[in-house]
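Worksheet: one structure, shown below.
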Amino acid sequence: MPELAPAYDPSKVEDRLYRQWTERGDYRANPASAKPAFSIVIPPPNVTGILTLGHVLNNTIQDILARRARLQGKEVLWLPGTDHAGIATQTVVERTLKKEGKIKHRDDLGREEFLKQVWQWKEKHGGIIIQQLKKLGASCDWSRERFTMDPSYSACVQQVFVDLHKKGLIYRGRRMVNWCPVSRTALSDEEVIMKEQKGHLWHFQVAVEGKKGRFLTIATTRPETIPGDTAIAVHPKDPRYASLIGKFALRPLPPEQPETQRRIPIVGDEHVEMEFGTGVLKVTPAHDPADFAIGQRHQLPAIEVIDESGHMNPAAGEKLAGLDRIKARAAAAEQLKELGCLEKEDPYTNQVGYSERADVPVEPRLSEQWFLKYPSTENSRKVVASGEMRFFPDRWTKVYDHWMDNLQDWCISRQLWWGHRIPVWYRGKESRCQVESPGEGWTQDPDVLDTWFSSWLWPFATMGWPEKTPELKKFYPTTDLVTGPDIIFFWVARMIMAGFEYMGERPFHNVYFTGLIRDAKGRKLSKSLGNSPDPLDLIAKYGADGLRFGLLRIAPQGLDIRYDEKQIEEGRNFANKLWNACRFRQQQGPCDAQADPAKHPRTPFSDHLLAELDALEKNLEKMYANYEFSQIAQALYGFVWDEFCARFIETAKADFANTASPTRPGTLATADFVLSRILRYLHPFMPFITEELWLTLGLGRESIQFSKWPETGQIRWDAISSKNAETCYATAEAGRRLRGEFGLSGSSKLKYLLLAKTSPSPEDLRTLAKLLQSGSVETCTRAPKAPMTPTPWGDLYLPLEGLLDPAKETARLEKEITVAEAARAREAAKLADPKMASKAPPEKVEEWKRIEREADEKIVRLREQLKLFTT
RNA sequence: GCGCGCUUAGCUCAGUGGUAGAGCGGCUGCUUUACACGCAGUUGGUCGGAGGUUCAAAUCCUUCAGCGCGCACCA
């Protein structure tokens with residue numbers, strides 16, 4: 001058995017073990033297995049992406065679930081893969097080609113050639129994030145890695161499109177959509193983020209035809225769209241304006257147009273808010289969704305004044321044409337001023353939709369797009385509402401319900417090249433929806449599908465659908481989905497619908513939503529802020545286990561995480577602590593994998609440790625059932641550090657030092673038994689170090705990954721003995737506190753005296769001395785004149801020749817008495833209240849009495865001691 | 001505007017009815033038969049405010065405030 005190094009060095013362990021695990025095929029899932037199935041599909045990261053802390057959190061949680069399931073003897077499939085991420089990838093590649101000076105626009109290359117470049121890019125960079133996940137220790141079945149643009153996957157996407165089209169759920173229409181002028185494509189509603197924008201509210205006047213001197217004042221944030229106005233709307237019940245409905249007004253822009261072209265009707269529409277602005281609304285059906293609806297109601301024409309790149313077109317007039325829409329805004333206001341119809345200009349803040357990817361305001365635009373009416377909505381709604389599929393934390397169900405109750409048809413076409421091309425073919429006025437080309441003379445729709453239109457099939461398309469594969473039979477529906485709540489609509493809800501529509505069943509049993517990771521100042525991590533640490537740097541510094549454990553320990557369920565590198569450092573420190581605990585055990589001789597503490601006489605400390613372990617195990621079950629990962633990490637941390645190291649190992653040192661001790665075999669067996677279990681409990685969180693220790697100590701002959709998850713309720717211990725250990729620990733703590741009052745360190749060879757209430761054995765006293773980190777503890781029969789503290793074992797004295805200062809000791813005792821008196825008073829007050837004493841449950845009253853009694857005893861002891869110094 | 005979440009020690013957070021906790025930080029000591037990525041001790045909180053329910057409230061209810069997020073066609 002090679003000796004463990006004094007400090008744990010992850011770099012010597014992690015890569016070696018991971019290679020071993022994957023080369024051996026440890027994570028290959030066998031659909032023919034008789035074992036119960038456990039499955040997860042990875043939320044496929046963007047193929048051009050690199051690992052972020054968010055990925056670390058997300059994938060560590062999946063790995064914890066997968067590794068625990070493996071330990072529980074399940075057949076585990078964790079299915080990995082990547083997403084082609086249409087807009088993001090196309091933008092990255094296009095930008096790179098531009099930077100390299102190869103093109104000015106993708107049109108320079110043409111569709112075929114451009115796509116070749118994207119594929120090349122994908123081949124070169126697409127594997128990066130996968131490699132990074134391996135560094136993290138992710139136990140994915142890499143033999144099943146999928147990509148959303150794989151030929152078989154693409155076939156699924158096309159087939160689903162054709163099917164939904166056949167069912168009449170997919171249709172084409174000229175609609176108002178969210179248009180991104182940078183990417184020059186339509187976006188779905190979900191890809192638009194509302195942002196507050198500081199701008200202006202311009203008030204301008206229009207003359208009413210046939211009513212000399214009658215003007216209407218209109219308030220607008222977008223004067224550049226005035227040339228596209230085709231009506232003016234007022235509320236039909238507005239007493240100020242109702243009489244004007246049916247009349248006409250003159251649109252001021254573009255001024256060079258003849259009046260006949262600028263003459264627009266005044267219409268009455270309930271959409272207009274009388275209280276807002278002036279109560280008069282300009283209507284631009286081509287560039288505003290609400291105005292489009294008004295236009296439909298009143299059969300208004302739509303005049304486009306902004307082109308697909310966000311620039312004003314000739315219809316906007318000679319002064320505006322060619323200008324960017326933002327610049328045109330100021331120019332239009334200027335024009336109004338020159339014409340003398342600008343009444344005022346107020347600063348104004350409103351909500352504006354931004355393109356999620358390009359981070360520019362979206363331009364509502366009329367265009368021909370494909371839309372989907374969501375399928376299987378009833379089942380999808382019900383499965384969550386009924387609690388059959390559970391969300392953790394469950395408050396997300398409300399968000400889901402709300403979205404499902406307000407479904408809008410999904411705009412699924414994108415004017416991009418990188419993605420799944422829409423399987424619709426045209427020849428003249430004919431069109432056909434089918435996967436293969438109908439033949440000569442037919443041309444395919446140039447648009448591609450929204451990336452999410454492929455991701456929503458992920459849980460079954462990755463398992464070989466539409467074939468009835470053994471994988472689907474064994475592993476669908478998947479057990480858990482772990483993802484961020486930010487994609488609940490984009491992905492989770494849609495997957496549920498697709499699952500019902502194509503598998504007749506929900507895609508997963510439970511969904512766990514992680515929190516978002518923020519920096520110490522509470523800001524989201526982002527590349528542009530530069531506050532996003534590279535997980536690989538962290539792995540190099542602290543080890544993958546340290547990173548995983550440190551991050552998980554501070555990741556409360558359902559809340560955002562304030563990330564601080566200090567936490568990762570603590571994860572590493574914990575790994576080292578565990579390492580050294582094992583190292584110390586190793587120094588005492590070989591471990592016994594079959595160790596059974598029940599077969600040996602034991603010290604109270606062993607019993608106490610076993611009792612604590614039993615409590616921990618029962619807790620773990622509960623916490624896993626609720627997906628409380630940070631609490632699990634916290635509980636394991638506390639158990640290893642405080643119970644195993646600080647208490648058990650310290651007391652075990654007596655047995656370790658004395659080979660003739662009758663309790664030595666029991667102590668060793670307890671150490672082995674407990675270590676063997678906690679390594680298994682820690683393995684899902686810290687796969688590398690636990691495997692290394694497991695194998696090196698010889699706690700199992702084979703990998704810890706396939707050892708057995710311990711059964712709870714199997715541990716036997718002596719409760720009285722365990723209680724005795726507790727009093728010993730309490731006695732030692734009191735003694736250390738006493739020593740601390742005198743500023744003495746643990747290295748001073750002190751002699752304590754115990755005026756014992758019980759009859760401690762010489763062995764007990766030696767152990768107490770060990771815990772006190774002192775020279776010795778001896779019993780005495782009379783109270784010496786020395787500092788004292790009452791303990792469960794009796795009064796503990798610390799004779800300090802020469803150091804004793806009666807005034808100081810008096811002060812110390814008085815302070816302790818004050819504290820004890822406060823405790824007694826608190827309980828006494830409760831007991832004295834007749835309502836409390838009569839209505840509270842008897843066991844509570846007993847507890848209060850006990851606390852009062854103990855405080856009382858303490859006070860008596862302390863007062864007696866005080867007398868020694870004051871008389 | 002509607003909805004959700006958060007507010008507990010200097011910091012990050014546990015704690016869902018019965019003696020306010022952890023880690024970090026600060027301070028004081030310590031090469032003690034594993035571990036300085038360590039050990040011992042210590043400091044530090046009227047649990048955001050106000051009402052209410054209860055024998056008993058950090059915890060349940062109401063309300064207010066601050067912060068964050070989501071949804072929403074007031075130009």
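Owing to the predicted nature of the structure, the values given are computational and were not obtained by experimental measurement. The chains referred to below are lettered A, B, ... by the order of the sequence lines, with proteins before strands, and numbering in each begins at 1.
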Nearest-nucleotide pick for [X], side chain only, options being [options]:
{"X": "A:Phe584", "options": "B:A75, B:A34, B:C37", "answer": "B:A34"}
{"X": "A:Arg562", "options": "B:G23, B:U12, B:C74", "answer": "B:U12"}
{"X": "A:Trp641", "options": "B:A34, B:C39, B:G18", "answer": "B:C39"}

Exercise. Return the 5'-most residue of the pair A:Lys770, A:Arg553 with respect to RNA chain B, ranking by each residue's nearest nucleotide.
Key: A:Arg553

Name the pairs: protein N/O against N/O of nucleotides 2-5 of chain B, kept only if under 3.5 Å.
from	atom 1	to	atom 2	distance (Å)
B:C4	OP1	A:Lys398	NZ	3.0

Practice problem: For A:Tyr8, enumerate each residue passing the ring pair (Phe, Tyr, Trp, His ring centres under 6.0 Å) test, keeping only those at least two apart in sequence or located in another chain. | Solution: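 With neighbours one apart ignored, the set is A:Trp579.
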
Quiz prompt | Contiguous Watson-Crick or G-U pair runs (3 or more, under 3.5 Å) in RNA chain B | solution = B:1-7 with B:65-71, B:10-13 with B:21-24, B:26-30 with B:38-42, B:48-52 with B:60-64

Quiz item: Does a nitrogen or oxygen in the side chain of A:Lys839 sit under 4.0 Å from OP1 or OP2 of B:C55?
Solution: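 Checking B:C55 against A:Lys839, a side-chain N or O does come within under 4.0 Å of OP1 or OP2.
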
Practice problem: May I ask you to evaluate whether A:Gln351 reaches the phosphate of B:C74, defined as a side-chain N or O under 4.0 Å from OP1 or OP2? | Solution: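 Checking B:C74 against A:Gln351, no side-chain N or O comes under 4.0 Å of OP1 or OP2.
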
Quiz item: Quantified in whole Å, what is the C1' atom distance between nucleotide B:C6 and nucleotide B:C47?
Solution: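 It comes out at 14 Å once rounded to the nearest Å.
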
Quiz item: So, are A:Arg824 and A:Glu857 salt-bridged, with charged N and O less than 4.0 Å apart?
Solution: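 A salt bridge is absent here (no side-chain N lies under 4.0 Å from a carboxylate O).
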
Exercise. Just call it for A:Cys645: base, sugar-phosphate, or nothing, with non-hydrogen atoms closer than 4.0 Å on any strand.
Key: base

Quiz item: Is A:Ala840 touching bases, backbone alone, or none of the nucleic acid, heavy atoms closer than 4.0 Å?
Solution: base

Practice problem: Please indicate whether A:Gln408 has more than 12 foreign heavy atoms, meaning atoms of other residues, nucleotides or ligands, lying under 6.0 Å from its CD. | Solution: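 Open: at most 12 neighbouring heavy atoms sit under 6.0 Å from CD of A:Gln408.
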
Practice problem: Quick one: sort the A:Phe629 and A:Tyr627 rings into parallel, tilted or perpendicular, breaks at 30° and 60°. | Solution: perpendicular

